[in-house]
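First comes the structure, then the notes that go with it.
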2 protein chains.
Amino acid sequence: MVDRRSGVPAFRQVAADLRNKITTGRLSAGEQLPSERDLVDQYGVSRPTVRDAVNVLRSEGLVTSEHGRGVFVRPPANVQRLARSRLSRSAREENRGAFLADAAAHGFTPSTSVKVSFEAADDRVAGYLAIETGAEVTVRDRVLRADGLVVQLAVSRLRREFTRGTAIEQVDTGPGGTYARLEEAGHRLASFTEHVGARMPTPDEASLLQLAEGVPVVTVTRVAYREDGVPVETNDMVLAADRYQLSYEWAAD
Amino acid sequence: MVDRRSGVPAFRQVAADLRNKITTGRLSAGEQLPSERDLVDQYGVSRPTVRDAVNVLRSEGLVTSEHGRGVFVRPPANVQRLARSRLSRSAREENRGAFLADAAAHGFTPSTSVKVSFEAADDRVAGYLAIETGAEVTVRDRVLRADGLVVQLAVSRLRREFTRGTAIEQVDTGPGGTYARLEEAGHRLASFTEHVGARMPTPDEASLLQLAEGVPVVTVTRVAYREDGVPVETNDMVLAADRYQLSYEWAAD
DNA sequence: GAGTGGTCTAGACCACAAT
DNA sequence: TTGTGGTCTAGACCACTCC
């Protein structure tokens, strides 16, 4: 039962009580919550109020509801670690990129769809690539799948002048991928920078990545630099935050 | 007006239409949406339905509502970059840690609250510190503020045997902070690893960090290693995803 | 005081899952 | 067929902001 004099909205009281039961384990992972009609009786509120409470928990990522079945406590995410700062030349030369290496290591079947196009750089891209806004860039838009499930979206952009006449402008870049073709063209890569953030997904991303409610995406913008410091590629990646963690390591000195 | 035969729920149609107006700029950043009663008339649906639509946009982080004023398009986040992989010894020796360096660089007034305690390591912490579950660890629980506003939560854990008799067990660790005291005690730091993820905040985190609806937190778990590979500290940090981006850089070889 | 969002009710009907 | 969540309505009253 809710306390009507406390000033705290009824749906928040219900949400807090259910959240408490989840975090203390009185409702354990995978377990079904009482039905909405039961909660109506238990707390003495109307069904819309119960639904508001459950919505709070859904957008916190604590529960998922399944139409016709019930509302369930979300099991803790099964998080996979991606070692990022090991994107070294030797590792790159052995395969077509980090994704295929992961596939080999974790035993899933990788597949990708690629769209290649050309566009004018907007301010953000121009800033990363140190070119003028409006300059032509080659865009490789990739959807990465593991065992058929979409696990990552990646949009790579390069100065058009660096890709003309190379396989980078083809759907299949060949062994070693984009970076190998860049180095063959004389753009020896010297360093990488990654900018990591997070936000809620767009509806498109949510459906592509099959995200549950209350699951953010991790965004990674990688920039690859040549030895003379000229940026040659920027890659915007989007990953499901409940499936991936990114790991970086470096020396103390 | 919504299409009642399309099969798409009315509140999703309204949400999609408003989202469209926002992303195409017909409703620009900071601009006020029509009032809920106006939207009721425009779309021919009831107010609860309009509210459901607005709720969708709120949990996507696209709009914020202000009681008594209206619903507004959220301006693009003002994202600050934190250079992570530059946590080198020389940088550390010049100040009390990365946070104070940022304060100096960006001109805000830093302040922190610290609680020191001791606890038994759970499985996760024991794994990071390579100790047995239940072993005693020193816990430094910090709230970091910039100009009085909470910007980061950080919980640092160290094997108790490494902190006994040092200022690490005091609220004020002195110049150079925890890492300086560790090195004085003979634990020369050799490398760092950071594991980066994201999730929706707990209600506590949301109120401490003053997060708007639909804003995730970025979680960073840093582990500091000694030259012999023994982990000496693990630090769990929580940051507002709409205010911070983490930057890592490394050489290609 | 007028307009805004915030909360809440008591229903109704639909869509889906399991039996 | 029964029970579940999903959608939707027509209202009511409250709390806050601004004039």
Side-chain angles (χ1 to χ4, degrees), chain A residues 1-18 27 30-74 203 206-207 212-214, chain B residues 1-18 27 30-74 203 206-207 212-214:
Chain A
M1 282 292 168
V2 301
D3 178 0
R4 316 237 64 144
R5 295 161 312 184
S6 70
V8 179
F11 78 96
R12 291 200 186 281
Q13 291 185 47
V14 175
D17 194 58
L18 291 172
L27 280 169
E31 196 172 341
Q32 184 171 5
L33 270 63
S35 80
E36 294 180 349
R37 274 102 174 159
D38 283 351
L39 293 174
V40 165
D41 296 338
Q42 283 181 36
Y43 291 102
V45 296
S46 68
R47 182 143 96 100
T49 300
V50 163
R51 284 187 60 79
D52 282 348
V54 173
N55 268 336
V56 170
L57 301 181
R58 282 206 312 168
S59 60
E60 289 173 1
L62 286 178
V63 304
T64 47
S65 34
E66 297 181 31
H67 194 173
R69 300 220 317 126
V71 179
F72 301 87
V73 179
R74 283 194 55 184
S207 74
E213 284 289 308
Chain B
M1 282 291 169
V2 301
D3 178 0
R4 318 246 50 151
R5 297 160 311 184
S6 70
V8 178
F11 77 96
R12 292 200 186 282
Q13 292 184 47
V14 175
D17 194 58
L18 291 172
L27 281 168
E31 195 171 343
Q32 182 171 6
L33 271 63
S35 79
E36 294 180 349
R37 274 105 175 155
D38 283 351
L39 294 174
V40 165
D41 295 338
Q42 283 181 37
Y43 291 101
V45 296
S46 67
R47 184 145 93 101
T49 299
V50 163
R51 285 188 59 80
D52 282 348
V54 174
N55 267 336
V56 169
L57 302 181
R58 282 205 314 166
S59 60
E60 288 173 1
L62 287 178
V63 304
T64 48
S65 33
E66 297 180 31
H67 193 174
R69 300 220 316 128
V71 178
F72 301 87
V73 179
R74 284 193 55 187
S207 74
E213 283 288 308

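It should be emphasised that the depicted structure is a prediction, and the values quoted were computed from it without experimental measurement. Just so we're on the same page: letters track the sequence lines, and every chain starts at 1.
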Closest non-hydrogen atom pair, A:Val45 against A:Val40: O-CG1, 3.0 Å
Non-neighbouring partners of B:Ser207 that pass side-chain hydrogen bond (donor to acceptor under 3.5 Å, both in side chains), sequence neighbours left out: none
B:Arg37 or B:Gly44, whichever maps to the more 5' nucleotide of DNA chain D: B:Gly44
Separation of B:Ser65 OG from B:Leu57 CG (nearest 0.5 Å): 10.0 Å
Side-chain touch B:Val56/B:Phe11, heavy atoms, less than 4.5 angstrom: yes
Heavy-atom closest contact (B:Arg4 atom, B:Gly44 atom, distance): NH1-O, 3.6 Å
Nearest heavy-atom neighbours spanning A:Ala10 and A:Thr49: CB-CG2, 4.0 Å
Results of side-chain hydrogen bond (donor to acceptor under 3.5 Å, both in side chains) for B:Thr64 - residues two or more places apart only: none
Nearest heavy-atom neighbours spanning B:Arg74 and B:Ala212: NH1-CB, 3.7 Å
Donor-acceptor contact below 3.5 Å, side chain B:Glu36 vs main chain B:Arg47: no
Whichever of A:Arg4 and A:Arg47 has its nearest DNA chain C nucleotide further upstream toward 5': A:Arg4
Strand-adjacent residues in residues 5-17 of chain A, judged by heavy atoms under 4.0 Å from DNA chain D: none
Residues touching DNA chain C, which here means a heavy atom under 4.0 Å, drawn from residues 49-65 of chain B: B:Arg51, B:Ser65
Considering all heavy atoms, the nearest A:Val73-A:Val63 contact: CA-CG1, 4.3 Å
Pairwise distance CZ(A:Arg51) to OG(A:Ser46) - rounded to 0.5 angstrom: 11.5 Å
Nearest non-hydrogen partners of B:Gly70 and B:Gln32, listed with the distance: CA-NE2, 3.5 Å
Protein N or O to nucleotides 1-3 of chain C N or O, pairs below 3.5 Å:
residue, atom, partner, partner atom, Å
C:dG3, N2, B:Gly68, O, 3.0

Check: B:Val2 and B:Val14 side chains under 4.5 Å, non-hydrogen atoms: yes
Chain A footprint on DNA chain D, 5' to 3' - any atom under 4.0 Å from a heavy atom: D:dG3 to D:dT7
